[in-house]
Amino acid sequence: MTQETAGSAIDSLSRRRVIRGVGAALGAAALAPALTGAQTSSGAPVGPPTTVTQPPRDFSPSGAPTTYFTDPDVLTIEKVFDDLRQPNTSIQRLWTGALWSEGPAWSAVGRYLVWSDIPNNRQMRYIEDDGHVSVFRMPSNNSNGNTFDFQGRQLSCEHVGRRVVRYELDGTVTIIASHYEGKRLNSPNDIVPHPDGSYWFTDPPYGAQLYEGTVDAAGGPANKAGHLNPRIGQPPDLGSYKRELPTSVYRVDKAGKVTLVVKEDQVPDPNGLCFSPDYKKLYVISTGQGPGDTIAGGKGDMYVFDVSSDNKLSNGKLFSSFMIDGVKCGPDGVRADVDGNLWVSSNAGRYVGYSGVTVWTPQGQVIGRIRLPEICGNVCFGGSKRNRLFMAASQSLYAVYTATQGAAPG
């Protein structure tokens with residue numbers, strides 16, 4: 001037996017022991033390590049496990065090679081996914097050092113990726129040419145979701161400003177939406193452009209917290225007792241807002257008219273969203289309970305609506321509850337590829353090995369997974385051929401090449 005064969009045999013035995021230990025009846029393609037929270041025989045907590053079996057994987061540039069043909073953490077669940085995964089390439093950690101990474105968006109003209117580091121109140125930029133990462137915009141008003149429209153202009157959802165802004169090509173900034181029916185928005189979260197020139201965005205309450213924005217003014221749902229001072233650390237014109245609206249999804253047309261398209265009772269706490277490639281369906285994610293919620297909060301699932309030619313939504317239904325192998329792979333952000341498959345970020349909490357990305361057919365069947373060692377907040381397609389999936393995950397930025405392309409700009 002060669003050393004390589006012996007090592008493979010040991011790895012195989014280790015995997016079988018892990019499966020027996022946690023009672024998981026998983027296929028070989030969906031193997032995951034034991035959950036965190038275990039203790040050693042001495043009672044000391046066990047350190048967080050890697051998403052791969054032993055030896056632990058080093059994602060850094062100095063780490064050992066991880067890929068000889070297909071990356072071990074890009075998992076095929078259904079054979080159709082083999083046509084979407086790219087052989088002979090690996091997941092790369094491009095950068096780390098954020099407090100919470102969100103909202104990746106690709107500039108096709110500039111050939112760079114911008115994403116939000118929400119608690120640090122900044123936007124970061126990754127330049128494809130040489131991999132350079134630097135601060136792109138600071139302060140960012142605790143921006144969350146970003147995208148680029150069909151004219152190449154950047155759109156950002158601001159937590160502190162409780163608004164959607166557009167960065168014009170001449171360097172000016174336009175407020176796209178800040179109110180609905182005279183009431184201030186909660187904290188716009190994610191946004192997508194439509195070919196007709198409109199923008200569609202979600203408005204949950206997550207920005208009403210000190211860590212990622214600022215709480216309500218005294219008496220608001222996120223500061224009922226008024227003990228917190230929302231103006232500390234903010235410019236003088238910010239920090240005086242109270243939550244006034246339910247959580248909803250809106251459409252703002254080219255003239256600036258804001259229309260309610262999805263109500264709170266249809267999708268509570270809406271978060272990530274995207275259109276199908278033909279713009280005939282809208283997918284909306286409902287994420288967990290946010291600060292100051294007066295309802296049960298989101299459900300950790302995704303809904304799909306039909307979109308008519310006059311931009312009316314109908315036939316809303318549950319797309320998926322995101323239960324995989326008995327684990328809740330909580331969705332957050334989503335992007336569609338050119339065939340209509342959905343690439344959805346996954347937050348599995350302490351179920352290590354299930355955070356990263358889940359991939360679904362338009363019919364709601366899970367076909368693949370990408371395992372990351374961190375919770376993934378959002379994703380987008382980019383690169384010069386739009387075939388590279390960028391993943392904003394907790395403190396880091398990851399990427400992997402695919403055999404498909406993203407359907408939408410940004």
Side-chain angles (χ1 to χ4, degrees), residues 74-86 102-106 145 147 189-194 200-202 249 262 267 270-287 298-307 313 315-324 327-348 354-372 375-382 386-393 398-400 402-410:
V74 181
L75 308 176
T76 292
I77 296 176
E78 297 293 337
K79 187 171 177 57
V80 65
F81 186 65
D82 288 339
D83 295 331
L84 303 177
R85 61 186 293 184
Q86 178 61 49
E102 253 284 9
W106 178 257
T147 194
N189 186 285
D190 207 356
I191 184 167
V192 289
H194 191 281
W200 301 54
F201 65 93
T202 57
V249 182
V262 179
V267 182
N271 196 321
L273 78 171
C274 82
F275 285 107
S276 58
D278 58 7
Y279 291 86
K280 293 183 179 180
K281 293 188 181 297
L282 177 71
Y283 299 90
V284 184
I285 288 172
S286 172
T287 309
K299 306 299 183 183
D301 47 27
M302 187 162 73
Y303 297 81
V304 58
F305 298 83
D306 291 333
V307 185
L313 300 186
N315 301 323
K317 62 181 180 180
L318 180 68
F319 176 80
S320 174
S321 63
F322 288 82
M323 293 295 296
I324 301 176
V327 174
K328 185 73 167 182
C329 296
D332 193 329
V334 54
R335 290 291 187 271
D337 65 28
V338 291
D339 295 309
N341 301 300
L342 287 310
W343 301 65
V344 188
S345 66
S346 174
N347 175 354
Y354 285 85
S355 287
V357 176
T358 58
V359 187
W360 306 75
T361 66
Q363 293 75 36
Q365 180 183 28
V366 61
I367 57 175
R369 292 201 295 119
I370 300 173
R371 297 190 297 196
L372 296 179
I375 291 168
C376 188
N378 213 328
V379 301
C380 80
F381 284 94
R386 206 181 291 278
N387 64 331
R388 197 177 191 189
L389 185 72
F390 290 93
M391 298 163 280
Y398 295 85
V400 65
T402 72
T404 187
Q405 294 174 311

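In this text the structure is predicted, and so the values were computed from the model without any measurement. Quick note: residue numbers are just sequence positions, from 1.
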Using modelled atom types and a 3.5 Å cut-off, is there a donor and acceptor pairing between side-chain atoms of K328 and backbone atoms of G300?
yes
Check: S345 side chain, V379 main-chain N or O, donor-acceptor pair, under 3.5 Å
no
[atom1] of [X] to [atom2] of [Y]: how many Å apart, nearest 0.5 Å?
X: I324; Y: S321; atom1: CD1; atom2: OG; result: 9.0 Å
X: T147; Y: L273; atom1: OG1; atom2: CG; result: 9.5 Å
X: Y303; Y: N315; atom1: OH; atom2: CG; result: 15.5 Å
X: D332; Y: N347; atom1: CG; atom2: CG; result: 7.5 Å

Nearest heavy-atom pair of [X] and [Y]: which atoms, and what distance?
X: C380; Y: G410; result: CB-O, 3.8 Å
X: T358; Y: C329; result: CG2-CB, 4.2 Å
X: P362; Y: N341; result: CD-OD1, 3.7 Å
X: A336; Y: C274; result: N-SG, 4.0 Å
X: D337; Y: D339; result: OD1-N, 2.9 Å
X: F390; Y: A399; result: CD2-CB, 3.8 Å

Thinking salt bridges, do K280 and D306 make one under a 4.0 Å N-O criterion?
no
Between [X] and [Y], is any pair of side-chain heavy atoms under 4.5 Å apart?
X: V192; Y: F201; answer: no
X: N378; Y: R335; answer: yes
X: S346; Y: P331; answer: no
X: V400; Y: I370; answer: yes
X: V267; Y: K299; answer: no
X: V307; Y: L313; answer: yes
X: S355; Y: L372; answer: no
X: I367; Y: W360; answer: no

Residues forming a ring pair (Phe, Tyr, Trp, His ring centres under 6.0 Å) with F275, sequence neighbours excluded
H194, W200, Y279
Using the rule side-chain contact (heavy atoms from CB on, under 4.5 Å), only one of L84, V74, V359, L389 pairs with T402; which is it?
L389
Passing candidate, side-chain contact (heavy atoms from CB on, under 4.5 Å) with M302, options V334, N271, V284
V334
Let me see the working for V338 and T404 under side-chain contact (heavy atoms from CB on, under 4.5 Å), right down to the final yes or no.
CA-CA 7 Å; V338 291; T404 187; 3.7 Å; yes
For the residue pair F319 and Y283, is the inter-centroid distance of their aromatic rings smaller than 6.0 Å?
yes
Regarding R85 and T76, is there a side-chain donor-to-acceptor distance under 3.5 Å anywhere?
yes
Step-by-step ring pair (Phe, Tyr, Trp, His ring centres under 6.0 Å) determination, F381 to W106:
CA-CA 7 Å; F381 284 94; W106 178 257; over 10 Å; no
Find out whether the Lys NZ or Arg CZ of R369 is both under 6.0 angstrom from the six-membered ring centre of Y354 and within 45° of the ring's axis.
yes
Using side-chain contact (heavy atoms from CB on, under 4.5 Å), reason through V344 and F322 one step at a time and then give a plain yes or no.
CA-CA 10 Å; V344 188; F322 288 82; 3.8 Å; yes
Those residues that, when tested against D83, pass side-chain hydrogen bond (donor to acceptor under 3.5 Å, both in side chains) (two or more places apart):
none
